[in-house]
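Heads up, the thing below is written out as structure tokens.
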2 protein chains.
Amino acid sequence: MSEQLMTIRQMCDAYDVTPRTLRFYEARELIFPERRGQHRLYDRRDRARLTLILRGKRFGFSLEQIRQLLELYEPGQHNQTQIAATIKVARERLTDMERQYAELRDAIADLKTTIDDSEARLARATGNTQQTG
Amino acid sequence: MSEQLMTIRQMCDAYDVTPRTLRFYEARELIFPERRGQHRLYDRRDRARLTLILRGKRFGFSLEQIRQLLELYEPGQHNQTQIAATIKVARERLTDMERQYAELRDAIADLKTTIDDSEARLARATGNTQQTG
DNA sequence: CGTTACGCTTACGCGAACGTAAACTTTGGG
DNA sequence: CCCAAAGTTTACGTTCGCGTAAGCGTAACG
């Protein structure tokens, strides 16, 4: 029970994805489930990777960018040159994310202000008092 | 000179997009340049909208979501019901952005840690001292 | 033993967001 | 006057991230 293998169906239920999606990610070499006969079996490592994949998608990263990032989490059979390259790519992603973080902060502030303004105008137009939240 | 109209080429150079992109956004009703004869001319309002469009794209919003948000910035010929609907949609986007902001913060922290770990391992493997920045 | 369920592979389809090519008009230069 | 540049429309092509359907294997259920 140290491995806790899951079928594709269990994975789909747990992560709210379709079988097609999991097979697609596998085809793109983002996850590598075992094969028990024909069937796929997903272990803890696969689930960790899937979590990172879905997170990365939410930030608008492409599957290829995510794949590169995932290499960082696999202290596997890479030589130093490859690892150094992976780290470099990861640093670029990190920079992207930090820039996006700052930009998002500003955009949130802007949007809040604009919504407030719009609400104020609407309130004056209707002559009613609108709720704020 | 109060309007500062720009040609499509000037817009492309200024915002690093292609003519195709600008025409595409216009077809999707995200921007509405004037027509001087056949040619398009972009004013300050178009540029402000384009800035918001490109920003929205960086956050992974679809052009349709962005279009809805843009309505918020146009105190135009909408009735109260439409404005209220627009505000509602905008609040949903705002919630999305705030969630993403928090998640991004965590992801940045995670990635930093992972990069550091990976670097430390690489340093031990090579026996060298690696730079951090 | 049939059929139902689940999974597999193969492959075509699709919406989003443009790229790219073709053919036409307009405008300015030599 | 001719041509090249810039812009326009129309329309088909492309990449990404899957959806969806067809057809096959096999394991379980009644």
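The basis for the numbers below is simple: all heavy atoms, side chains too, and nothing from hydrogens, waters or symmetry mates. Residue numbers begin at 1 in each chain, while the letters A, B, ... track the order of the sequences.
- Taking the side chain of B/Arg40 as heavy atoms from C-beta on, and the options D/dC18, C/dA17, D/dT9, the nearest nucleotide is D/dT9.
- Salt-bridge formation is not detected for the pair B/Arg49/B/Asp46: no Lys NZ or Arg NE/NH1/NH2 atom is positioned less than 4.0 Å from an Asp or Glu carboxylate oxygen.
- Counting to the nearest Å, the C1' atom of D/dC18 and the CG atom of A/Leu54 are 13 Å from each other.
- Without hydrogens or angle criteria, A/Gln10 side chain to A/Thr7 main chain gives a donor-acceptor distance under 3.5 Å.
- Going from atom CD of B/Glu64 over to atom P of C/dA16 covers 9 Å, rounded to whole Å.
- Look at CZ on B/Phe24: it is 15 Å from P on C/dT20, rounded to the nearest Å.
- In this structure, B/Leu122 and A/Gln80 approach most closely via the heavy-atom pair CD1-CG, 3.5 Å.
- The pair A/Glu26-A/Arg35 meets the salt-bridge criterion, with a side-chain N (NZ, NE, NH1 or NH2) lying under 4.0 Å from an Asp/Glu carboxylate O.
- DNA chain D lies under 4.0 Å from at least one heavy atom of each of the following residues of residues 5-20 of chain A: A/Thr18, A/Arg20.
- Projected onto DNA chain D by closest heavy-atom contact, B/Leu41 and A/Thr21 fall at different nucleotides, the more 5' of which corresponds to B/Leu41.
- Rounded to 10°, the helix from C/dC1-D/dG30 to C/dG30-D/dC1 has 20° between the axis fitted to its first five pairs and the one fitted to its last five.
- The CE atom of B/Met6 lies 10.5 Å from the CG atom of B/Leu41; values are rounded to the nearest 0.5 Å.
- Nucleotide C/dC8 holds its P atom 14 Å from the CZ atom of A/Arg36, rounded to whole Å.
- The nearest whole Å value for the distance from the CZ atom in B/Arg23 to the C1' atom in D/dA6 is 10 Å.
- Cluster membership check: A/Leu5 does not share its hydrophobic cluster with A/Tyr42, using side-chain heavy-atom separations under 4.5 Å among Ile, Leu, Val, Met, Phe, Trp and Tyr.
- Rounded to an integer number of Å, the gap from CG of A/Leu22 to C1' of D/dT20 is 16 Å.
- A salt bridge does not link A/Glu103 with A/Arg105: none of the charged nitrogens is closer than 4.0 Å to a carboxylate oxygen.
- In terms of phosphate contacts, A/Arg35 brings a side-chain nitrogen or oxygen within less than 4.0 Å of OP1 or OP2 of C/dT9.
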Are there any protein N/O atoms within less than 3.5 Å of an N/O atom in nucleotides 22-28 of chain C, and if so, which ones and at what distance?
none

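- Ion pair B/Lys57/B/Glu64 not flagged as a salt bridge, since none of the NZ, NE, NH1 or NH2 atoms sits closer than 4.0 Å to an Asp/Glu carboxylate oxygen.
- Using a 4.0 Å cut-off between charged nitrogen and carboxylate oxygen, B/Arg55 and A/Asp110 count as a salt-bridge pair.
- Nearest heavy atoms, B/Leu111 versus A/Ala90: CD2-O, 3.9 Å.
- Taking atom CD1 of residue A/Ile53 and atom C1' of nucleotide D/dG17, one finds them 13 Å apart after rounding to whole Å.
- Between A/Gln65 atom CD and D/dC16 atom C1' the separation is 12 Å, expressed in whole Å.
- Distances shorter than 4.0 Å separate none of the side-chain N or O atoms of B/Lys57 from OP1 or OP2 on C/dA16.
- Put simply, A/Tyr25 has a side-chain N or O that comes within less than 4.0 Å of OP1 or OP2 on D/dC18.
- Of the charged side-chain nitrogens involved, at least one lies within less than 4.0 Å of a carboxylate oxygen, so that A/Lys112 and B/Glu98 count as a salt-bridged pair.
- Hydrophobic clustering of Ile, Leu, Val, Met, Phe, Trp and Tyr side chains at less than 4.5 Å, counting indirect connections, keeps B/Leu72 apart from B/Val89.
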